[in-house]
Amino acid sequence: MADYETLIVERRDRVTLVTLNRPQALNALNAQVLDDLLSVMAALDADPSQGCAVITGSPKAFAAGADIKEMQAQGFATMYGHDFFAGWDRFTRTRKPVIAAVAGYALGGGCELAMMCDFILAADTAKFGQPEIKLAVSPGMGGSQRLARAVGKAKAMEMCLTGRMIDADEAERAGLVSRVIPAADLVEEAVKTAAAIAAMAPLAVLANKEMVNMAFETGLAAGVQFERRLFHGLFGTADQSEGMAAFVEKRAGAWTGK
Ligand code: CAA
């Protein structure tokens, strides 16, 4: 497995466990982190032995934001000219599921990275916020849009305008995270959840991810039709025959990914 400058990447059977590893900067996201993450995601999608990824940080910080020191000296011409942060759109095109396992701070770009993942499992120590306004800027990696869709206008607006952080319980009540887990168990629980996903029929996993994501891109009727077509498409797979036969015969399915 390749070495990465800013990540620790381990394979836990069918799960790729990615640990952000810039402790000196509370895992602030710089260009190298993006490059490293993009190459891990490309490897995940290309490797049939891997079914799901978990991205986590340290107990203190999932990630404390985009790297302020990298942005500090930039001006409009370079930011706009190079379409700074556009590379993160590629991260969101990862086809296999990616779970964010968040302990400690997930601020600014850190909160935005967590929201780019397919769902967030939060340690009871997690804190989410979009404090960019305090730097006289704003979210830039999709946070205003994904946060508003996740928690609704009122809370998203308050968080963006004041920079107020919310804790794990508030994040769960607001629908930002799927579950809160004791910090000591976070990574193991996330890997267990990822392993359960990675044990499903691979094409069904891709289809389920794609159709839930479509809910954020389109109206209801078009989204329901998209779902139905993908559902129909799964009836062209060997794994559908196997899955339904296995249920009837009261045994576990054996998937081929075909
Ligand atoms: N970028 C670069 N370096 C960062 C950083 C960031 N986002 N966050 C923390 N660091 C660095 C600090 O500068 C410090 O480095 P030095 O030891 O060299 O001084 C080190 O990490 C430890 O941080 P602190 O000493 O500040 O730790 P703390 O425990 O006192 O505070 C914190 C923790 C409240 C998270 C605080 O670090 C903080 O407020 N960080 C910035 C949060 C922020 O504003 N994030 C938004 C960034 S902009 C953005 O993300 C744009 C976007 O939309 C994508």
Side-chain angles (χ1 to χ4, degrees), residues 4-8 18-38 41 55-94 98 100-117 120 122-151 153 155-171 176-177 183 186 216:
Y4 296 93
E5 201 178 312
T6 64
L7 308 175
I8 299 166
V18 182
T19 306
L20 300 168
N21 187 34
R22 294 190 72 214
Q24 72 287 2
L26 299 184
N27 293 329
L29 305 170
N30 62 8
Q32 189 62 48
V33 178
L34 172 60
D35 269 10
D36 288 351
L37 278 175
L38 288 178
M41 294 301 120
I55 299 183
T56 195
S58 70
K60 178 166 180 183
F62 176 74
D67 192 317
I68 298 169
K69 292 164 189 168
E70 188 180 65
M71 295 183 290
Q72 185 183 2
Q74 302 299 322
F76 175 79
T78 50
M79 294 302 262
Y80 183 65
H82 296 147
D83 204 4
F84 193 76
F85 284 158
W88 289 100
D89 296 343
R90 283 174 56 205
F91 176 88
T92 66
R93 290 197 285 275
T94 306
V98 183
V102 174
Y105 296 112
L107 301 179
C111 185
E112 293 171 290
L113 170 59
M115 292 190 290
M116 280 182 225
C117 296
I120 302 173
D124 48 14
T125 57
K127 286 190 182 347
F128 299 88
Q130 297 291 161
E132 292 92 336
I133 195 163
K134 296 182 184 171
L135 303 166
V137 291
S138 69
M141 287 163 51
S144 62
Q145 306 305 298
R146 292 196 177 88
L147 190 63
R149 282 164 170 76
V151 306
K153 178 181 171 185
K155 205 175 279 286
M157 193 66 95
E158 187 200 345
M159 288 172 69
C160 289
L161 287 177
T162 68
R164 181 174 78 83
M165 289 186 226
I166 61 174
D167 66 16
D169 286 338
E170 187 172 357
L176 180 60
V177 310
L186 175 72
F216 296 91

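Just the heavy atoms: all of them, side chains too, but no hydrogens, waters or symmetry mates, feed the values below. Whatever order the structure lists them in is the order used to number ligands and atoms, beginning at 1.
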Candidate pair Val177 and Phe128, rule side chain to side chain contact (heavy atoms under 4.5 Å, CB included), full reasoning: CA-CA 10 Å; Val177 310; Phe128 299 88; 3.6 Å; yes

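- The residue from Asn27, Ile55, Ile8 that alone fulfils the side chain to side chain contact (heavy atoms under 4.5 Å, CB included) condition with Thr19 is Ile8.
- Taking every heavy atom of Ser138 and a limit of under 4.0 angstrom, the matching atoms of ligand 1 come to 53 (O).
- Residues Pro139 and Cys160 come closest through the heavy atom pair CG-SG, 4.1 Å.
- For the pair Gly140 and ligand 1, the shortest N or O to N or O distance falls below 3.5 Å.
- At least one N/O-N/O distance between Ala64 and ligand 1 falls below 3.5 Å.
- Remark: ligand 1 and Ile68 share an N or O pair separated by less than 3.5 Å (distance only, no angle test).
- Against a heavy-atom cut-off of under 4.0 Å, Leu135 is close to the following atoms of ligand 1: 44 (O), 47 (C), 48 (S).
- For the pair Pro23 and Asn21, the minimum side-chain heavy-atom distance is below 4.5 Å.
- Close approach of ligand 1 to Pro139 is summarised as follows: ligand atoms under 4.0 Å from at least one heavy atom of the residue are 53 (O).
- For ligand 1, the atoms closer than 4.0 angstrom to any heavy atom of Phe85 are 52 (C), 54 (C).
- For atom 6 (C) of ligand 1, the candidate residues are Ser144, Ala66, Gly65; the nearest heavy-atom contact is made by Ala66.
- Of all protein heavy atoms, the one closest to atom 30 (O) of ligand 1 is Lys60 NZ, 4.8 Å.
- For atom 26 (O) of ligand 1, the protein comes within 4.0 Å by no heavy atom at all.
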Can you check side chain to side chain contact (heavy atoms under 4.5 Å, CB included) on Glu132 and Glu112, steps first, answer last? CA-CA 12 Å; Glu132 292 92 336; Glu112 293 171 290; 3.4 Å; yes

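- Leu26 CD1, 4.5 Å is the protein heavy atom nearest to atom 31 (O) of ligand 1.
- The protein reaches atom 43 (C) of ligand 1 closely, with a heavy atom under 4.0 angstrom from it.
- Those atoms of ligand 1 that come under 4.0 Å of a heavy atom in Leu107, given as number and element, are 35 (C), 42 (C).
- Within the listing of ligand 1, atoms 52 (C), 53 (O), 54 (C) sit less than 4.0 angstrom from a heavy atom of Glu112.
- Two residues are said to be in side-chain contact when any heavy atoms from C-beta on lie closer than 4.5 Å; Leu29 and Met141 meet this criterion.
- Nearest-residue assignment for atom 16 (P) of ligand 1 (options Lys69, Met141, Gln130; heavy-atom criterion): Lys69.
- Looking only at side-chain heavy atoms (C-beta outward), Leu186 and Val102 stay at 4.5 Å or farther from each other.
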Could you give me the CA-CA distance, side-chain angles and deciding distance for Leu113 and Trp88, then say whether side chain to side chain contact (heavy atoms under 4.5 Å, CB included) is met? CA-CA 9 Å; Leu113 170 59; Trp88 289 100; 3.8 Å; yes

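- Counting only heavy atoms of the protein, atom 17 (O) of ligand 1 lies nearest to Gln24 O, 4.5 Å.
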Can you check side chain to side chain contact (heavy atoms under 4.5 Å, CB included) on Leu135 and Met71, steps first, answer last? CA-CA 11 Å; Leu135 303 166; Met71 295 183 290; 5.8 Å; no

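- Contact annotation for atom 48 (S) of ligand 1: protein present (non-hydrogen atoms, distance under 4.0 Å).
- Protein heavy atoms all stay at least 4.0 Å away from atom 39 (O) of ligand 1.
- Between Leu38 and Met41 there is no side-chain heavy-atom pair separated by less than 4.5 Å.
- Of all protein heavy atoms, the one lying nearest to atom 11 (C) of ligand 1 is Ala25 CA, 3.9 Å.
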